[in-house]
**Student:** 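Before I ask anything, let me first share the structure, which is written out below as C-alpha cells.
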Amino acid sequence: MNADEDDDITEELLADSEKLTGLSLELLGLDPHPDDMTAEQRLQFDPEDLAEMASAGADDRERSGRQTRLLAGLLWNSSSILIDQLFRDLGTLNELEAVTPEAIAGTSVLSSLPPQFASNYDAAFTQRFIVVAADITASLARGWAAPGCLAGELAVHCLLDQARITEDIYELDLPEEWRAIVEEVLLEDADSAILYTDGTSEQGAGKLDIRHWFEPFTPGDAVPPYACS
C-alpha cells in the first residue's frame, strides 16, 4: 500500500459516510459542541460534561468529526463487502463434498461465526444467514433497529470483523476504541457475545443452540420470512 492508495480509501470512506443515514455521528461517539445544541439537548448533560465539551479546541473537534465520519463510512463500506464475501463463501460451500470445521476456518465470513458450530454452516444455513445479514445492513440506511434474532447479532459481529480487517489493511485513523463504541450501540444486551467466550459447556443447548438462531427473540421482532422459515 502506498500513500496515494491510503488517501484514496480515506476519501472514499468519508464520502460513504453520507450514505449511513441510519446512525447519527453522535451515536458513533462524536461529542457535539454545546454551541451546536438546542437548549433542550443541553439539559441532557451535566454542567461538567458541557464544560468539557466546550473546552475542546477547534483542531480537536475537526479531527474528532473526521474520525467519526471515517468510521461511519467504514461501516457502510464493510456492509457491502460483507454480503459480497458471504456469496463467495456460499460458492465455496457448494464445491465441498462435506462441511468441516477446517473448511469453514478458511472462509471469509463464516469463519467469524462461533467455531463450535462450524460443521453446521452448510449452504442452506449460509443462504439464510445472507438474508439476515442483508436485512441488518439495510438498517444502516433506513434507520437502525436492533437485531431481532441471534443470527442478526452474529451478522453484526461479522460486519465489525470485516471493518477491522479494512482498518488494519489501510491503517485508518479511527476513534479510539471504536469497536466498543459501535458494539454498545448495535449490540446492547446481546446474548450472542456468550457464544464467543471460552466457556462453551452450556452453549450447545437452550436458546443459544444454532437451531434457534433464526427465531425471533419476541413475537414483535422482525426476521425475514426466508430466514425464519
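What you see is a predicted model; the values in this text were computed from it and never measured. All residue numbers refer to positions in the sequence shown, counting from 1.
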**Student:** Got a sec, which residues hit side-chain hydrogen bond (donor to acceptor under 3.5 Å, both in side chains) with E177, two or more places apart in sequence or on another chain?
**Tutor:** none
**Student:** First locate atom CG of L28, then atom OG of S17, and finally report the distance between them rounded to the nearest 0.5 Å.
**Tutor:** 10.0 Å
**Student:** Is a salt bridge present between R88 and E95, judged by a nitrogen-to-oxygen distance below 4.0 Å?
**Tutor:**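 Salt bridge flag = no for E95 with R88.
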**Student:** Going only through I, L, V, M, F, W and Y residues with side-chain contacts under 4.5 Å, is there a path from L159 to V131?
**Tutor:**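 Result: no, two separate clusters.
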**Student:** For D191, what residues pass the side-chain hydrogen bond (donor to acceptor under 3.5 Å, both in side chains) criterion, not counting sequence neighbours?
**Tutor:**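 For D191, the residues satisfying side-chain hydrogen bond (donor to acceptor under 3.5 Å, both in side chains) (neighbours in sequence not counted) are K207.
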**Student:** Would L13 end up clustered with L25 when hydrophobic side chains under 4.5 Å apart are linked, directly or stepwise?
**Tutor:** no
**Student:** Out of curiosity, does L154 fall in the hydrophobic cluster containing I83 (side-chain heavy atoms, cut-off under 4.5 Å, transitive links)?
**Tutor:**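 They do share one cluster, since a chain of ILVMFWY contacts under 4.5 Å joins I83 to L154.
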**Student:** Is there a side-chain contact between L86 and L90 in this structure, where contact means two heavy atoms from C-beta onward sitting under 4.5 Å apart?
**Tutor:** no
**Student:** Applying side-chain hydrogen bond (donor to acceptor under 3.5 Å, both in side chains), name anything that partners E215, two or more places apart in sequence or on another chain.
**Tutor:** H212
**Student:** List the residues meeting side chain to side chain contact (heavy atoms under 4.5 Å, CB included) with A105, not counting sequence neighbours, and say none if there are none.
**Tutor:** none
**Student:** Could you tell me whether the side chain of I181 reaches within less than 4.5 Å of the side chain of E176, counting heavy atoms only?
**Tutor:** no
**Student:** A side-chain contact here means heavy atoms from C-beta on lying under 4.5 Å apart; do D173 and R63 qualify?
**Tutor:** yes
**Student:** Applying a strict under-4.5 Å side-chain criterion to I, L, V, M, F, W and Y, I'd like to know whether L75 and L30 cluster together.
**Tutor:** no
**Student:** Run the side-chain hydrogen bond (donor to acceptor under 3.5 Å, both in side chains) test against E153 and tell me which residues pass, sequence neighbours left out.
**Tutor:** S192
**Student:** If we only count heavy atoms from C-beta on, is the I104 to L93 side-chain gap below 4.5 Å?
**Tutor:**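 Contact flag for I104/L93 side chains = yes.
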**Student:** Could you tell me whether a side-chain N or O of S111 sits under 3.5 Å from a main-chain N or O of G106, the two making a donor and an acceptor?
**Tutor:** no
**Student:** Can you measure from CG (D89) to SG (C158) and round to the nearest 0.5 angstrom?
**Tutor:**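 If I round to the nearest 0.5 Å, the distance is 9.5 Å.
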**Student:** Under the rule for ring-ring contact (aromatic ring centres under 6.0 Å, His included), what residues qualify as partners of F217, not counting sequence neighbours?
**Tutor:** none
**Student:** Between D221 and T218, is any side-chain donor less than 3.5 angstrom from a side-chain acceptor?
**Tutor:** yes
**Student:** Just verifying a value: how many Å separate N77 CG and E12 CD, rounded to the nearest 0.5 Å?
**Tutor:**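 With rounding to 0.5 Å, CG (N77) is 5.5 Å from CD (E12).
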**Student:** Tell me, which pairs form a side chain to side chain donor-acceptor pair (under 3.5 Å) where one or both residues lie in residues 120-134, sequence neighbours left out?
**Tutor:**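 As it turns out, the side chain to side chain donor-acceptor pair (under 3.5 Å) pairs with a partner in residues 120-134, which skip direct neighbours, are Q127-Y226.
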**Student:** Quick one: list whatever passes side chain to side chain contact (heavy atoms under 4.5 Å, CB included) with T166, sequence neighbours left out.
**Tutor:** L74, S78, I81, Q162, Y170, L172
**Student:** Should side-chain heavy atoms under 4.5 Å link Ile, Leu, Val, Met, Phe, Trp and Tyr, which residues sit in the same cluster as V223?
**Tutor:** none
**Student:** How many angstroms lie between atom CG of L20 and atom OG of S79, to the nearest 0.5 angstrom?
**Tutor:**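 The OG atom of S79 is 8.0 Å from CG of L20, to the nearest 0.5 Å.
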**Student:** Among W213, F125, F129, find the one that has a ring pair (Phe, Tyr, Trp, His ring centres under 6.0 Å) with F117.
**Tutor:**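 In the set W213, F125, F129, the residue that makes a ring pair (Phe, Tyr, Trp, His ring centres under 6.0 Å) with F117 is W213.
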**Student:** How would you list all residue pairs meeting side chain to side chain donor-acceptor pair (under 3.5 Å) that involve residues 138-147, not counting sequence neighbours?
**Tutor:**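 Residue pairs passing side chain to side chain donor-acceptor pair (under 3.5 Å), neighbours aside: D135-R142, S139-R142.
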**Student:** What pairs with E26 under salt bridge (charged side-chain N to carboxylate O under 4.0 Å, His left out), at least two apart in sequence or on another chain?
**Tutor:** none
**Student:** Under the criterion side chain to side chain contact (heavy atoms under 4.5 Å, CB included), which of I210, L208, L113 is the partner of L195?
**Tutor:** L208
**Student:** Suppose we screen for salt bridge (charged side-chain N to carboxylate O under 4.0 Å, His left out). Which residues come up paired with D16, at least two apart in sequence or across chains?
**Tutor:** K19
**Student:** Would you name the heavy atoms of A133 and L82 that are closest together and state the gap between them?
**Tutor:**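 Nearest heavy atoms, A133 then L82: CB-CD2, 4.3 Å.
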**Student:** Could you walk me through whether E62 and R69 pass salt bridge (Lys or Arg N to Asp or Glu O under 4.0 Å), step by step?
**Tutor:** CA-CA 11 Å; E62 181 178 353; R69 287 173 52 222; over 6 Å; no
**Student:** Report whether L27 and L71 are members of the same hydrophobic cluster (ILVMFWY, side-chain heavy atoms less than 4.5 Å apart, transitive linking).
**Tutor:** yes
**Student:** More than 12 heavy atoms of other residues, nucleotides or ligands under 6.0 Å from CD of E184: yes or no?
**Tutor:**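 Not more than 12 within 6.0 Å, no.
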**Student:** Tell me, do L186 and L23 make a side-chain contact under 4.5 Å, heavy atoms counted?
**Tutor:**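 Yes - at least one pair of side-chain heavy atoms lies under 4.5 Å apart.
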**Student:** More than 12 foreign heavy atoms under 6.0 Å from CZ of R164: is that the case here?
**Tutor:** yes
**Student:** I'd like to check I9 versus I169 (side-chain heavy atoms, cut-off strictly below 4.5 Å). Are they in contact?
**Tutor:** no
**Student:** Considering non-hydrogen atoms only, spot the tightest contact between F214 and C149 and give its length.
**Tutor:** C-CB, 4.1 Å
**Student:** Is any side-chain heavy atom of V109 closer than 4.5 Å to a side-chain heavy atom of F87?
**Tutor:**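 No; the side chains remain at least 4.5 Å from each other.
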**Student:** Rounded to the nearest 0.5 Å, what's the gap from CD on Q85 to OG on S80? Could you check?
**Tutor:**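 If we round to the nearest 0.5 Å, Q85:CD and S80:OG are 10.0 Å apart.
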